4 protein chains.
Amino acid sequence: MTPIRQLRADAARNRELLLAAAEDEFAERGLAASISDIARRAGVAKGTVFRHFATKEELVAAIVCEQLDALAEVARSQLSAPDPEVGLVEFLTVTAARQHERDLSFLQAVTQTDSAVTALRDELHALVEQLVGRARDAGVLRSDVTGTDVWVLMCAPIHAVGYVSDPAPDLWRRYLALIFDGLRPDGAHPLPAAPPTWP
Amino acid sequence: MTPIRQLRADAARNRELLLAAAEDEFAERGLAASISDIARRAGVAKGTVFRHFATKEELVAAIVCEQLDALAEVARSQLSAPDPEVGLVEFLTVTAARQHERDLSFLQAVTQTDSAVTALRDELHALVEQLVGRARDAGVLRSDVTGTDVWVLMCAPIHAVGYVSDPAPDLWRRYLALIFDGLRPDGAHPLPAAPPTWP
Amino acid sequence: MTPIRQLRADAARNRELLLAAAEDEFAERGLAASISDIARRAGVAKGTVFRHFATKEELVAAIVCEQLDALAEVARSQLSAPDPEVGLVEFLTVTAARQHERDLSFLQAVTQTDSAVTALRDELHALVEQLVGRARDAGVLRSDVTGTDVWVLMCAPIHAVGYVSDPAPDLWRRYLALIFDGLRPDGAHPLPAAPPTWP
Amino acid sequence: MTPIRQLRADAARNRELLLAAAEDEFAERGLAASISDIARRAGVAKGTVFRHFATKEELVAAIVCEQLDALAEVARSQLSAPDPEVGLVEFLTVTAARQHERDLSFLQAVTQTDSAVTALRDELHALVEQLVGRARDAGVLRSDVTGTDVWVLMCAPIHAVGYVSDPAPDLWRRYLALIFDGLRPDGAHPLPAAPPTWP
DNA sequence: GATGAATGAGTTTTCATTCAT
DNA sequence: GATGAATGAAAACTCATTCAT
């Protein structure tokens, strides 16, 4: 149910409660999180979940949309940063920091077909493309790197940290820096495969 | 059931069939792949799965062990490569190529507690440490990079490719190269967080 | 799920149907009675059983509680019988008669650890103790007999009848009388072992 | 498989091992004891169990037969005791003592239809009838008590002890004595139901 | 709109029994 | 004869989804 029409105040509040609860549950239990648990955590009945989101997939899609939206906001604000390097790095840092708090990146995989998600993803991707373009033009990034390259590496720092058993809370910064160094022009070796096209 | 004693020929065959079928199913459906489907794919009855692997967890552990074993073999052989850079790059390339064929890296997460897996993981980690040490000593890698750093970034190229909808079959090589450039000494920026300890 | 809050009318009805069906199935098939069969007999879906009783154990406990409750009611009413002998005999008779209709005494064994069951069992035991005390003080029972003695012999008549292939419907009365004669003072021989303590 | 023909020495030994293991397992786990566990305990393969006993029921029947046989032996020996009271009491005591060591009485219920069991049961019943007849004729038992009455009460002492949580090891003697007092002539009240017929 | 009871397909796992080795 | 691998019919339990209240 895309909330086209205005929801009653309490319904809108329930929707927010549900999204928050679902994010928490998914972050803790992965996709296996159950609707029951989400409903309980949100303090509403199970039926109410389905009034707001016709299927579990729709709920997931709504969450992903929220996340994409929030990141787009960040990207837009960093697009007007005076320094292109700072803008891009800041964007990647905020992205990773949020993901570190509550990693929901695995929800992307389930929402490949959702059109609302796709639209927002395209939008965010375009913004990343701009951030990357600015940085590349400024000589901050190597010339053979594309926005899509950065897009797909965006989650890598958090993903990498997942292989350490008791990671320091800021370990992801290490891998973000390491990967970013690979994106810089200094000492760049030619890349063995063409950059991916979007979409 | 660790196959300590020799299995009968037909049982050994079924064990292989089951492992192969399970790898396929897990790769396609993730951890949610069902034992029923795995059995069907292997062409045996459900009960046979449990004769070979008492629980689903044990089956997963067996798969992970096989993978770690195979990679350790590769690592050992590359340790005797004359050129340290070639040795490390080759190891990372084979690792990624196999993972690209059938990505089962997500199974690692479920087997943190299995002792056989842990032992093999430590073993492989030690080999990676050596490969990395050789390369760093040879000046191929930046001095502040550790074996564990490389270990956690090992799966990043395939992970990155997962965010592209119709990736070229060798796209992962691009991200392996990009990340590897980040590990090189040229133009290295200081890293903002200490390297993780193992384990 | 202990039904603390009020159940909806239809749910309450299903709960009763389920308890009745379960009692029938358990009486016919023993503890091996399956949840599926119970559900079918109650005319509900399998899942509904688990909505009311989270596990099979919980269902068994609920049944045992009901039985203990009903017997406690009988005991209490007989405690105010003018004649202590009549009170005790009547209690034992009603107990055996019900058990004869549907013997679920074997469920006691599985619920030793359930706290609700334990509490009710203690309660009923205390009532039996009183019934027995009254009777013993009135000279109806031998002086070396305790409430716990009567408690453990309570199910013996029905148990005995179980060894006869085509028992007359009131055969249990014969064994109740025979055992009760053993509890009387006339011709009592000293007992070779101390009475058990409760619990 | 009734062992009509001679078994090879090792086969005969396996049969004994299996019966012993099965008795232990059934005593510990009840009817739910699994053939696998029994085979393991006996130190033979699962298939071997089925070579000796075509079904689980047959195995149970064989055990019951052994027990009935052993008790018949006891009964026969006590039939020639000089004192009828001692003979009967001794028989009931030995019976209860063995059952206390390893209670397999619940296996009776599953073997109502087995013809070998039925024959042996009839035989033992006839012996009990004789023991009881002698005692009754000697004035040790009340005149309205039959062999079948004693037969069905035979397991009651152990059954009663089962309702106590931490029973003293000889508590069963108390209930045997109590029940036996009910069978004595002193202070006997008329019985309310006719004695059961056999079978 | 909200509730929570009911559904039933699906999951992992067990086990008596069969049968190729 | 003995072995132990394979079978497949249950079993207990879960959960997204529907729907009466």
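Here is the naming used below: chain letters follow the sequence lines, and residue numbers restart at 1 for every chain. A quick note: this is a predicted structure, and the numbers were derived from the prediction, not measured.
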Applying ring pair (Phe, Tyr, Trp, His ring centres under 6.0 Å) to C:Phe26 and not counting sequence neighbours gives none
Contact list please: residues 105-115 of chain A against DNA chain E, heavy atoms, distance less than 4.0 Å, in numerical order. none
To the nearest Å, give me how far apart CG (D:Leu17) and P (F:dT3) are. 11 Å
To the side chain of C:Thr48, which of F:dA2, E:dA5, E:dT7 is closest? E:dT7
Mind checking side-chain contact (heavy atoms from CB on, under 4.5 Å) for D:Asp103 and listing every partner two or more places apart, or none if nothing turns up? D:Gln99, D:Ser105, D:Ile158
Just jot down the side-chain contact (heavy atoms from CB on, under 4.5 Å) partners of C:Glu66, sequence neighbours excluded, or say none. C:Glu16, C:Leu19, C:Glu23
Every protein N/O lying under 3.5 Å from an N/O of nucleotides 11-15 of chain F:
{"from": "F:dA12", "atom 1": "OP1", "to": "C:Lys56", "atom 2": "NZ", "distance (Å)": "2.8"}
{"from": "F:dA12", "atom 1": "OP2", "to": "C:Ile35", "atom 2": "N", "distance (Å)": "3.0"}
{"from": "F:dC13", "atom 1": "OP2", "to": "C:Lys56", "atom 2": "N", "distance (Å)": "2.9"}
{"from": "F:dC13", "atom 1": "N4", "to": "C:Lys46", "atom 2": "NZ", "distance (Å)": "3.4"}

C:Arg29 atom CZ is separated from F:dA10 atom C1', nearest whole Å, by 13 Å
Length of the line joining B:Arg51:CZ and E:dT18:P, which is rounded to integer Å: 16 Å
In this structure, how many angstroms lie between the P atom of E:dA5 and the CZ atom of A:Arg40, rounded? 12 Å
Please list, chain by chain and in numerical order, all residues satisfying side-chain contact (heavy atoms from CB on, under 4.5 Å) with B:Arg13, sequence neighbours excluded. B:Leu17
Non-neighbouring partners of C:Thr55 that pass side-chain contact (heavy atoms from CB on, under 4.5 Å), sequence neighbours left out: C:Glu57, C:Glu58
Under 3.5 Å, side chain of B:Lys56 to main-chain N/O of B:Ser34, donor-acceptor pair present? no
Dot-bracket notation for DNA chain F, counting Watson-Crick and G-U pairs under 3.5 Å, with | for partners on another strand: .||||||||||||||||||||
What's the closest nucleotide to the A:Ala45 side chain, out of E:dG4, E:dA2, F:dA6? E:dG4
D:Asp69: salt bridge (charged side-chain N to carboxylate O under 4.0 Å, His left out) partners, not counting sequence neighbours: none
Only counting residues at least two apart or in another chain, list the ones meeting salt bridge (charged side-chain N to carboxylate O under 4.0 Å, His left out) with B:Asp24. B:Arg41, B:Arg102
Rounded to whole Å, CG of B:Asn14 lies from P of F:dG4 at a distance of 17 Å
Any residue meeting side-chain hydrogen bond (donor to acceptor under 3.5 Å, both in side chains) with D:Gln108, in chain and number order, not counting sequence neighbours: D:Arg121
I need the CZ-P distance between B:Arg15 and F:dA6, as an integer number of Å. 12 Å
